[in-house]
Amino acid sequence: MNNFYLTTPIYYVNAEPHIGHAYTTILADTMTRFQRLRGRLVRFQTGTDEHGEKIVEAAAKQGVEPRQYADRISHMFAETWPGLNIAPDNFIRTTDSKHVAAVQRVLQDLYDKGDIYFSRYGGNYCVGCERFYLDRELLDGVCPDHLTKPVFIEEENYFFKMSRYQQQLLDHIARNPSFIRPERYRNEVVSFLREPLEDLCISRPKTRLTWGIEMPFDNRFVTYVWFDALMNYLSGLDWPDGDLYQRFWQGPLADAQHLIAKDILKPHGIYWPTMLMAAGVPLYSHLNVHGYWKINDGKMSKSVGNVVKPLDLSKVYGVDPFRYFLLREMAFGLDASFSEELLVERYNADLANDLGNLFSRVLNMLSQYRQGVLPAVPAQKPPASQDLLALREQTLAAYQEHMQRFEFHLALTSLWAFISACNKYVVANEPWSLAKDPAKAQQLDAVLYDLAQALAWITVLLSPAMPGVSQSMAQALSLDINLGLGLRGQDMLKAGSQLKRPDPIFPRIESQKVQAKAAKAEEKTETKSNKKAKKEPMGPVPVIDIDEFARIDLRLGKVLEACPVEGADKLLKLTVDLGEEKPRTVVSGIAKHYNPQRLIGMQVVVVANLKPVVLRGVESHGMILAASDSDNIKVLTLTDSLAAGSRVK
RNA sequence: GGCGAUGUAGCUCAGUUGGUGAGAGCAUACGGCUCAUAUCCGUAGUGUCCGGGGUUCAAGUCCCUGCAUCGCCA
């Protein structure tokens with residue numbers, strides 16, 4: 001079982017990516033990074049589901065073809081993932097020709113085999129719901145959702161003989177208790193399977209729907225939802241003949257798993273396995289099911305929610321802390337609440353205080369007492385050293401066990417117990433006291449050695465959840481994170497290597513600031529209606545400390561291009577080199593005071609970590625500093641020249 | 001309406017097959033340290049284990065019922 005295949009659902013393109021999509025995909029990314037760390041061959045697939053009536057409607061609303069519409073939203077999904085440090089190996093679309101071919105192939109096979117049949121049936125059809133209702137489902141003869149009377153429609157369609165595989169599936173689940181996990185979801189499926197299954201309607205006549213995959217044996221119909229959507233897991237592996245299919249699904253080393261949210265349990269826990277049985281394809285090994293994020297919880301959504309969507313919080317607090325929060329806060333399988341407040345709490349307690357501070361204090365002591373050079377392997381270890389090592393091994397075992405079961409929150413909890421033990425280890429040994437007594441130099445060496453090795457080890461175990469941050473941690477430690485040695489419990493840092501003392505990796509978020517932020521947002525929405533009211537009087541500016549100032553990333557930039565913004569008399573669109581891969585676009589309100597030509601080549605100071613904003617249709621990534629009095633605006637510049645991107649403070 | 005899940009300290013959750021005083025983290029209060037991002041370490045509390053009824057020597061843990069929240073209903 002060395003080849004690990006993990007999929008997310010393919011996301012329906014009737015909505016833009018939101019926190020639910022992000023959560024599933026971040027979990028999958030974390031899991032696949034973990035499996036890679038263990039040395040397994042890994043394939044991680046996500047993608048988009050693009051057919052169906054809703055897409056036709058949505059496209060029509062925007063006056064475009066379904067294909068065009070699907071392209072646009074699908075790209076939106078594909079482009080969201082790298083921004084969240086998510087790196088899928090494959091992005092599949094149900095409009096891909098190879099997917100269409102695979103769907104038609106399986107439909108033809110099952111039709112030939114007699115598992116798909118044609119049948120006429122009549123029923124109460126609710127136009128609003130686009131579905132048929134059984135008599136017992138109706139409320140006093142009307143649709144329970146729309147409260148309208150359904151129309152009786154008689155229609156012919158194709159059906160999949162799902163009922164034929166019901167018992168076989170029950171047997172399979174009985175033999176493989178963790179086929180569907182956590183347990184609660186297996187129970188749900190099993191209890192559903194105790195009732196007789198009805199066959200699955202898998203087609204729509206083209207008179208009602210054309211945006212779909214045509215039935216290979218009847219061109220009057222397209223296939224509806226299930227075969228189209230679920231088959232992506234196989235078509236993405238070039239089923240039936242591809243090497244990938246062999247390696248990741250059918251072969252003896254294959255371990256294929258799905259990850260879904262609980263709302264699509266039935267299609268994945270019942271339809272999909274029975275479809276696989278019918279097609280003679282082996283079943284996946286595990287269906288992993290997670291819960292829902294409740295967003296409208298507490299004040300946050302009211303005060304800040306208008307301004308900040310959950311996904312935008314990743315930009316405010318950092319992608320990796322955002323990932324950590326999602327992984328740690330939700331007990332896998334259960335529902336959880338999402339709010340900015342909870343995110344900040346988690347960030348400060350776990351990341352800033354426990355981990356960030358440990359990292360900082362250890363590297364700082366190494367730097368102060370040993371010039372950042374890692375001491376040699378100590379001949380004599382302090383008594384608590386063995387305990388720390390034992391805990392490390394214990395933690396490693398627990399961490400791996402939980403990760404294998406998708407219990408991310410427990411894996412991280414166990415890692416944090418070790419981080420906490422490291423902090424206790426510092427206090428117990430008091431390196432600052434040892435440093436004052438030259439006779440205790442060896443003891444000090446031993447303590448620092450243990451702590452540095454612990455940090456390296458933490459860095460590795462953290463890397464699946466926080467790939468970006470652990471990369472910079474590794475850099476400070478001169479650690480090659482890709483060695484994967486962390487999982488073997490050995491010391492990874494070489495004695496004598498030079499460690500750096502980095503800036504705080506998780507600067508603490510001041511809660512007062514958060515409150516102030518929320519208050520500001522509230523104020524903003526309130527004053528929006530009476531915009532004209534007044535300009536804010538310049539009251540006394542509150543005193544801030546150096547840390548607060550340090551949160552503003554000021555950089556030296558060189559203006560490459562400058563031109564007016566159409567339809568705005570005050571704005572200039574500037575292209576500024578900040579020493580990054582690509583120059584940035586920055587919009588500045590100085591058009592009345594500067595001729596664009598004069599700005600080109602000028603060195604300016606840019607607020608580099610300002611939240612991007614769209615001004616007159618131009619997206620601005622930063623702000624140019626300028627001084628102004630009642631009549632004039634003057635851009636800040638340098639009399640000498642320095643490299644673009646230099647830090648200003 | 002049908003099926004299912006959940007309801008344990010202010011918050012988020014653990015509590016194995018019913019059995020020694022009901023736990024953890026965060027938040028709160030107090031004390032200690034000073035290497036560190038006003039961080040870390042230690043100590044302290046609080047709970048009609050959703051309500052009601054039942055089984056049992058013994059129930060947060062099993063049964064019935066009510067309430068609340070959530071999901072699914074092809």
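Residue numbers begin at 1 in each chain, while the letters A, B, ... track the order of the sequences. Atom set for the values below is all heavy atoms of this structure, side chains included, hydrogens, waters and symmetry mates excluded.
Nucleotide U46(B) is matched to nothing when pairs are restricted to Watson-Crick or G-U wobble geometry with both distances under 3.5 angstrom. A24(B) and U12(B) make up a base pair, with Watson-Crick or G-U wobble contacts both under 3.5 Å. In this structure, G18(B) forms no base pair with any nucleotide, since neither Watson-Crick nor G-U wobble geometry is met with both distances under 3.5 Å. Across all strands shown, the partner of G31(B) is C41(B), judged by Watson-Crick or G-U wobble contacts whose two distances both fall under 3.5 Å. Shown here, G60(B) forms no base pair; nothing in the strands shown gives a Watson-Crick or G-U wobble contact with both key distances under 3.5 Å. The partner of G71(B) is C3(B), by the rule that a Watson-Crick or G-U pair needs both atom distances under 3.5 Å.
When distances run from any side-chain atom of K266(A) to the nucleotides U37(B), G4(B), C72(B), the shortest one goes to C72(B). Side-chain proximity of K424(A) to C26(B), U37(B), C41(B): nearest is C41(B). Here the nucleotide nearest the side chain of Y369(A), chosen from C70(B), C35(B), U12(B), is C35(B). Comparing atom distances between the L334(A) side chain and each of A14(B), U37(B), U12(B) picks out A14(B) as nearest. Nearest to the side chain of W432(A), among C72(B), C41(B), C33(B), sits C33(B). Ranking C26(B), G4(B), C35(B) by closeness to the E345(A) side chain, first place goes to C26(B). Comparing U37(B), G71(B), C35(B) against the side chain of Q368(A) picks out C35(B) as the nearest. You'll find that the side chain of R361(A) is closest to C35(B), out of C26(B), C35(B), C41(B).
S420(A) comes within 4.0 angstrom of sugar-phosphate atoms only, judged by non-hydrogen atoms across all strands, and of no base. If you check every strand for non-hydrogen atoms under 4.0 Å, N423(A) touches sugar and phosphate atoms only. Contact annotation for F506(A): base contact, defined as any heavy-atom pair under 4.0 Å involving a base atom. Using a 4.0 Å heavy-atom distance criterion, L358(A) is classed as making no nucleic acid contact. Nucleic acid contact class of D350(A) (heavy atoms, under 4.0 Å, all strands): none.
A donor-acceptor contact shorter than 3.5 Å is absent between the side chain of R323(A) and the backbone of G318(A). The main-chain N or O of G356(A) is never found under 3.5 Å from a side-chain atom of S360(A) such that the two would form a donor-acceptor pair.
Taking the P atom of each, A24(B) and G45(B) are spaced 11 Å apart, rounded to whole Å. Comparing the P positions of C72(B) and U16(B) gives a spacing of 29 Å, expressed to the nearest Å. Distance check on atom C1': A27(B) versus A9(B) gives 12 Å, rounded to whole Å. If you take atom P in U39(B) and the same atom in C62(B), they sit 42 Å apart, rounded to whole Å.
A donor atom on one side chain and an acceptor atom on the other are found under 3.5 Å apart for R361(A) and N423(A).
Under the 30°/60° scheme for interplanar angles, the aromatic rings of Y324(A) and W416(A) are found to be tilted. Note on ring orientation: taking the six-membered ring where Trp is involved, the planes of F406(A) and F408(A) are perpendicular (angle over 60°, cut-offs 30° and 60°).
For K440(A), the NZ atom counts as loosely surrounded, since its 6.0 Å shell holds 12 or fewer non-hydrogen atoms of other residues, nucleotides or ligands.
Looking at N364(A), its side chain has no donor and acceptor atom pair within 3.5 Å of the base of A36(B).
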